[in-house]
Undergrad: 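Pasting a structure here, questions to come.
Letters A, B, ... mirror the listed sequences (proteins, then strands); counts begin at 1. What you see is a predicted model; the values in this text were computed from it and never measured.
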Amino acid sequence: MSRPDPIELPSQYAPSEVEGPRYERWEKAGYFVADAYSAAPAYCIVIPPPNVTGFLHIGHALNHTLIDALVRRRRMQGYNTLWLPGMDHAGIATQNVVERELAKEGLSRHDLGREAFVERVWQWKAESGGKILGQMRRLGDSVDWSRERFTMDEGLSRAVQTIFKQLFDDGLIYRAERIINWCPRCLTALSDIEVDHSDDEGELISIRYGGVGEDQANDSIVVATTRPETMLGDTAVAVHPDDARYTRLVGKTVELPLTGRRIPVIADDHVDPSFGTGAVKVTPAHDPNDFEIGRRHDLPSLTILDEHGVITAHGPFQGLDRFEARPAVVAALREQGRIVSEVRPYLHAVGHCSRCSTTVEPRQSLQWFVRVAPLAKAAGDAVRDGRVRLHPPEMNARYFAWVDDMHDWCISRQLWWGHRIPVFYGPDGEVCCVGPDEQPPAGWHQDPDVLDTWFSSALWPFSTLGWPDDTPDLRAFYPTSVLVTGYDILFFWVARMMMFGLYAMRGAEPADAVPFRVVALHGLVRDQFGKKMSKSRGNTVDPLDWVDRFGADATRFTLARGANPGADVAISEEWAAGSRNFCNKLWNAVRFALLNGAHVPAAPLSADTLSVPDRWILSRLSAVISDVDELFEAFEFGKICDILYHFAWDEVCDWYLELAKVPLASGDPQVAGTTRQALGFVLDRLLRLLHPVMPFVTEELWTALTGEESVTVASWPAFRQPDPVAEAEISSVMRLVTEVRRFRSDQGLRPGQRVAARLVGVEGSPLARHEQSIRSLLRLDPPADGFAASASLAAEGIAVELDVAGAIDVAAERRRLEKDLAAARSEAEQAARKLDNAEFTAKAPAEVVAKTRRRLEAAGSDITRLEQRLAAMQGGPST
RNA sequence: GGGCGAUUGGCUCAGCGGGAGAGCGCCUCGUUCACACCGAGGAGGUCACUGGUUCGAUCCCAGUAUCGCCCACCA
């Protein structure tokens, strides 16, 4: 119980000296390590796994701050708490990083070969990956490092293989020839969510198919397209069945320009007669719609682009890139007089690879898919029937929109880094899916593709706990308690965890099969003008830079304070500075307390011995505790911070500490002793309440104040001692003091200038026992011999007479009184109008009427008082 | 093209049927013995617009305008 000498506390908090050592001690003490065999209720959150290639950005900082606050509070509440850390192998991203590294050596992955390349990626991970884990320590994340996971770990690979096999056997995974999103740079298939759509400037070009010249009227048709180069692969022209303009052509063939081929004109409902010319060129191999049309009409599929997006069709365009081919084809068509109208600019959605921004090429190829319909149905039902609650609930609509209309998920990737598809092919094309402990038949070869990264991410809540084995961790911590993440990946990730979690745990009780019970969604971090952060804008914030300059606690507090459920968080350096100031304020409040001998009482404080200010602040404290508890349950981090900020700064520092100065300086050991205990108690509990959001400074101060080991494992406050009498009394003191301060300020009295004053009528008022405090707060001296009041004001039922001879500015005082009078009259008028309304009195609730009546009375007495004072001034002696 | 949300003081945001709030910024005063990363006081808003419901609307409903986000295979 040795306490540092309080005098040693400097007058400013220096986060950089505190944070590193504190975190080390926490980690060494094992405070963050969960116990699978604990009898305490479990509380588990899995981290949204950052990419192994990633660095801690401000979005992580927000996410981690919120998770850590939840977890730290539960830990203090005695839960068996697990925050499970880990990383995602990030297939394409990581492969790209290592390939770039190889490129510097003049090598490609093909030079190394698959095995050596994968080896190289592991080596890269060991040397340069996972930087973000160290950065998490700087933020103070209270994760259980003994349970760190990586999506390519052996255990997680087993989980992947197991669920793949199960899905395969259940017919929920299939292989098919489809149009998929293809990145011609990454040379792999992409799922829909790996494609970003943007409205790009394109050209809508009208091309005449069929005869030109004299035959034109009879057998030609004009199609509109944004991708003229794909015409080389056209195998039909489609029109709407009811489109009278073209009925005569349906069933006939037209000549496809530049190729000499004749292609049929077909009728299909998909065609919108009002768009363009009402006729569509059909390229089944290079357009998803055309693919479907081709299927319906049994059209041939002509592939004319290779995996790099280069034209393969024989002829003059062969070997041209798709973007070179476009103008070349148009030029050739123009030469033949096939371009009917001038091309016109056209804005349309174009897909880009989310990894490298290359324009995605729809491509027909053989890929693996997850049949999502039954899985998505279950994922939707879990939310519909309340087994999983989304927070805020407004997100339900978005969630349902997604799961209720989900395309089958393309899960194969033509990459080398990732979980290889556990399917083997026999010499005669036989197929077999191999489970984790099974061997493929000799001589069979494995599918070369790997799985989409999100496939393994979708297993995260249970693969990290040991599934498919029935482990103690899985039993203790599944379903996880809350999933905290940005709403931007609600669909990417959350919906998929739901699908796979419910599927993997289908044997469990429905209520316990869910991967998490609650999904708490937060927003994106934006700059001080609400703009998205981006490197090109130059408005990004590096959280570690803030940690360096303002401290981890200030960084966390800034983020948490801006976090309203589901809404974006706007932050700026000024806010971070404000949070740093708050840390410093706490620091100095505790410093003051220690300098004055404050300490945490061994026994509960008895209300009988406490002073009214003590009782008041304890009453306020209990209100704050219950508010904070309630707000934590609702993930209202912004409000939690707001309440604690104002309680700490306004009530504890600005009022309570000032009020405490009187008893502390009184020299009465009894009185001072009680205050020291109350002060110690309040600060102790305040620090505990703040600890989840501001772990470092609270730890430093709390250990200094209590002499105990760590607030990390201290109990969460559950103190309840409301005291309406004390609250009313101190409110009255506060109003009086504020009123007199305003008066003094208006008079131009310096804040520190002492003046003599008499409090008339204080005897018999509840304020009587606070006279000394009031005088202390207002720098009022007792009236001496020859005291002559030169100014007075009335407030809270007493009159304050001041001897301010010579210091008063009569004109300023009159202006203020007149202004106040006007305000009071307007207030009275408003209240009176409301009361006069007969219907109002009849229909409004009694309490509202009573309240309004009180308003009117208060305003009335204000008016009387102000009028009297004005009259006194006018008639009275000028000073 | 669908869906969702926003519009409150200079900025970012709370509030959401009965007296307009916070932080930062701004103005005035202050070297009062925890803190100038401070203290005291103050200015500043017809709560986007138009209608409706109600005794009463910033709050509920409808429409308008502007902005934002998500989803989407109209060539």
Undergrad: Say we look at U31(B) and G39(B): how far apart would their C1' atoms be, to the nearest angstrom?
TA: 12 Å
Undergrad: Is any side-chain nitrogen or oxygen of K639(A) closer than 4.0 Å to OP1 or OP2 of G21(B)?
TA: no
Undergrad: Do the numbers put R580(A) on top of the ring of W575(A), so that NZ or CZ is under 6.0 Å from the six-membered ring centre and no more than 45° off the axis?
TA: no
Undergrad: Has W649(A) got a side-chain N or O lying under 4.0 Å from the OP1 or OP2 atom of G39(B)?
TA: yes
Undergrad: Between R750(A) and U32(B), is there a side-chain N or O to OP1/OP2 distance below 4.0 Å?
TA: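 For U32(B), OP1/OP2 do not have a side-chain N/O of R750(A) under 4.0 Å.
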Undergrad: Counting only Watson-Crick pairs (N1-N3 plus N6-O4 or O6-N4) and G-U wobbles (N1-O2, O6-N3), all under 3.5 Å, who is the partner of C26(B)?
TA: G42(B)
Undergrad: Across all strands, who's sitting opposite C59(B) as a Watson-Crick or G-U wobble pair, both distances under 3.5 Å?
TA: none
Undergrad: For A34(B) versus U7(B), give the span between their C1' atoms, rounded off to a whole number of Å.
TA: 43 Å
Undergrad: Identify whether NZ of Lys or CZ of Arg in R561(A) sits under 6.0 Å from the centre of the six-membered ring of F637(A) and within 45° of that ring's axis.
TA: no
Undergrad: So, is the end of the R398(A) side chain (NZ or CZ) under 6.0 Å from the ring centre of Y487(A) and within 45° of the ring's axis?
TA: yes
Undergrad: Students often get this wrong, so: under 4.0 angstrom with heavy atoms, is K281(A) touching a base, only sugar-phosphate, or nothing?
TA: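 Nothing, no heavy atom under 4.0 Å.
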Undergrad: When rounded to the nearest Å, what value does the distance between C1' atoms of G30(B) and A36(B) take?
TA: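 Rounded to whole Å, the distance is 11 Å.
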Undergrad: Of all the choices, C37(B), G41(B), A14(B), which nucleotide is nearest to the side chain of N584(A) once you look at every atom?
TA: C37(B)
Undergrad: Which comes earlier along RNA chain B counting from the 5' end, the contact point of S745(A) or that of K843(A), where each point is its nearest nucleotide?
TA: S745(A)
Undergrad: Nearest to the P751(A) side chain among G30(B), C55(B), G23(B), which nucleotide is it?
TA: G30(B)
Undergrad: For nucleotides U12(B) and C69(B), find the distance between their P atoms and express it as a whole number of Å.
TA: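 Going atom to atom, P in each nucleotide, I get 15 Å.
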Undergrad: When you check the gap from the basic side-chain N to the acidic O, do R227(A) and E361(A) get nearer than 4.0 Å?
TA: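 Salt bridge between R227(A) and E361(A), a charged N being under 4.0 Å from a carboxylate O: yes.
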Undergrad: Would you please confirm or rule out a distance under 4.0 Å between OP1 or OP2 of A14(B) and any side-chain N or O of Y645(A)?
TA: no
Undergrad: Rounded to whole angstrom, note down the P distance from A22(B) over to U66(B).
TA: 33 Å
Undergrad: At under 4.0 Å, does any side-chain N or O of N564(A) touch on OP1 or OP2 of A14(B)?
TA: yes
Undergrad: With heavy atoms under 4.0 Å as the rule, sort D272(A) into base, sugar-phosphate or nothing.
TA: base
Undergrad: What integer number of Å spans the C1' atoms of C47(B) and C60(B)?
TA: 15 Å
Undergrad: Sticking with atom P, work out how far A57(B) lies from G17(B), rounded to a whole angstrom.
TA: 14 Å
Undergrad: Whether K661(A) contacts U32(B) is assessed here as follows: a side-chain N or O lying under 4.0 Å from the phosphate OP1 or OP2. Is that the case?
TA: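 Looking at the OP1 and OP2 atoms of U32(B), neither is under 4.0 Å from any side-chain N or O of K661(A).
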Undergrad: Strictly below 4.0 Å, N to O, side chains only: are R854(A) and E857(A) in salt-bridge contact?
TA: no
Undergrad: Under a 3.5 Å cut-off for both contacts, is U66(B) paired Watson-Crick or G-U wobble with anything, and if yes, with which nucleotide?
TA: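 Pairing partner, where one exists within any strand: A6(B).
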Undergrad: When the C1' atoms of U54(B) and A40(B) are compared, how many Å lie between them, rounded to an integer?
TA: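 A40(B) and U54(B) have their C1' atoms separated by 44 Å.
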